[in-house]
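Just the heavy atoms: all of them, side chains too, but no hydrogens, waters or symmetry mates, feed the values below. Chain letters run A, B, ... following the sequence lines, proteins first and then strands; every chain starts at 1.
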There are 2 protein chains.
Amino acid sequence: MSPSRSSRAEAAAIDGAAPVFAALGDQTRLRLVARLGREGPLSVARLTEGADVTRQAVSKHLRVLEVAGLARGVRQGREQVWQLQPAPLEDARRSLERIAERWDETLARLRAFVEEE
Amino acid sequence: MSPSRSSRAEAAAIDGAAPVFAALGDQTRLRLVARLGREGPLSVARLTEGADVTRQAVSKHLRVLEVAGLARGVRQGREQVWQLQPAPLEDARRSLERIAERWDETLARLRAFVEEE
DNA sequence: ATCATACGCAACCTCCTGGTTGCATATTAC
DNA sequence: GTAATATGCAACCAGGAGGTTGCGTATGAT
């Protein structure tokens, strides 16, 4: 296994994170995610209350979240109930952690380099 | 100060996070961020090597990152050197943490509710 | 049986995004 | 001074994203 810097696996993880961030990168959608986070599984209708767009728009956004793996919807009677899928959220969070951590290392290296002059 | 659930401040934090996620939600851009994280400040030219798009495209992406507050570029002679701006990255990470945490609470509540039946 | 509710599908529209190419400009190298 | 390098600016283009409206359909309530 190659050393810590820039492994294939890490590059793949980063590429995989992009769609998740893209899914989170819309205000309406991020609000949906936040609401699902604190109010638990919710139907499309209930999610539409409080969102300032049409039910159709909400449905579309939920579909996008589903494709990104961030949420899942199941039919219950005549309503479809959506819930968060925490795994990809965690992965995304870890990606950010890695990048920030690397940046700290980089800054330390640069400082050391400058001080050698 | 209001209690922990859904404060104005938190809502604002979430809304503010969306543009950051949007900026990270593009593969080319996320790769740039990752590279800046591990290789430190880099010029546009050096960032273009290794990116599979034009220098112009890279420049545009850097501009987007700048608007989102994620990176900053300074002129040094004839080249412009870009570096990461870790604060918004941290904020975004914290937003995800909050959502995940809330989700855990929600699940716990639901489990308790179901068991009461 | 009828009515209301909750939803999906499809068409459509507008605007933004990611990308390119061409040209102009400032800086460094020779 | 001249050539090469590093970048910015502007125009342009194709496609996708977010949104709406209209309609159809399944489920639940009365």
Interatomic distance, [X] [atom1] vs [N] [atom2] [rounded to whole Å]:
X: Gln27(B); N: dT17(C); atom1: CD; atom2: P; value: 18 Å
X: Leu62(B); N: dC9(D); atom1: CG; atom2: P; value: 13 Å
X: Arg29(B); N: dC16(C); atom1: CZ; atom2: P; value: 15 Å
X: Glu49(A); N: dC7(C); atom1: CD; atom2: P; value: 10 Å
X: Arg31(A); N: dG18(D); atom1: CZ; atom2: P; value: 15 Å
X: Leu47(A); N: dG8(C); atom1: CG; atom2: P; value: 12 Å
X: Gln76(A); N: dG8(C); atom1: CD; atom2: P; value: 13 Å
X: Trp82(B); N: dA6(D); atom1: CH2; atom2: C1'; value: 14 Å

Report yes if a side-chain nitrogen or oxygen of [X] is closer than 4.0 Å to either non-bridging phosphate oxygen (OP1 or OP2) of [N]; otherwise report no.
X: Thr28(A); N: dG19(D); result: yes
X: Arg46(B); N: dA6(D); result: no
X: Ser59(B); N: dG8(D); result: yes
X: His61(B); N: dG19(C); result: yes

Could you check whether any side-chain heavy atom of [X] comes within less than 4.5 Å of a side-chain heavy atom of [Y], counting everything from C-beta outward?
X: Arg38(B); Y: Trp103(A); value: no
X: Arg46(A); Y: Ser43(A); value: yes
X: Gln27(A); Y: Ile14(B); value: no

### Query
Of Glu79(B) and Asp52(A), whose closest DNA chain D nucleotide lies nearer the 5' terminus?
Glu79(B)
### Message
Which is more 5' along DNA chain D, the nucleotide nearest Val53(A) or the one nearest Gln80(B)? Just name the residue.
### Response
Gln80(B)
### Query
How is Arg63(B) classified with respect to the nucleic acid when contacts are heavy atoms under 4.0 Å: base, sugar-phosphate, or nothing?
sugar-phosphate
### Query
Which is true for Ala57(A) with a 4.0 Å heavy-atom rule: it touches a base, it touches only sugar-phosphate, or it touches nothing?
base
Check every atom of [options] against the side chain of [X] and return the nucleotide holding the closest atom.
X: Val44(B); options: dG18(C), dG28(D), dG8(D); result: dG8(D)
X: Arg75(A); options: dG8(C), dG28(D), dT20(D); result: dG8(C)
X: Arg55(B); options: dA4(D), dG8(D), dT21(D); result: dG8(D)
X: Lys60(B); options: dT28(C), dG19(C), dG8(C); result: dG19(C)
X: Arg78(B); options: dG18(C), dA4(D), dT27(D); result: dA4(D)

### Task
Look up atom CG in Leu42(B) and atom CZ in Arg35(B), then write down how far apart they are to the nearest 0.5 Å.
5.5 Å
## Note on the structure
Per nearest nucleotide of DNA chain C, the residue lying toward the 5' end, Val81(A) or Gly77(B), is Val81(A)
#### Entry: Worked check of salt bridge (Lys or Arg N to Asp or Glu O under 4.0 Å) between Glu101(A) and Arg98(A)
CA-CA 5 Å; Glu101(A) 169 191 333; Arg98(A) 285 249 194 106; 5.9 Å; no
### Message
If you go through the side-chain atoms of Gln56(B), does one of them form a donor-acceptor pair with the base of dC9(D) closer than 3.5 Å?
### Response
yes
### Message
Between Val44(A) and Val64(A), is there shared hydrophobic-cluster membership here, with clusters defined by ILVMFWY side-chain heavy atoms closer than 4.5 Å?
### Response
no
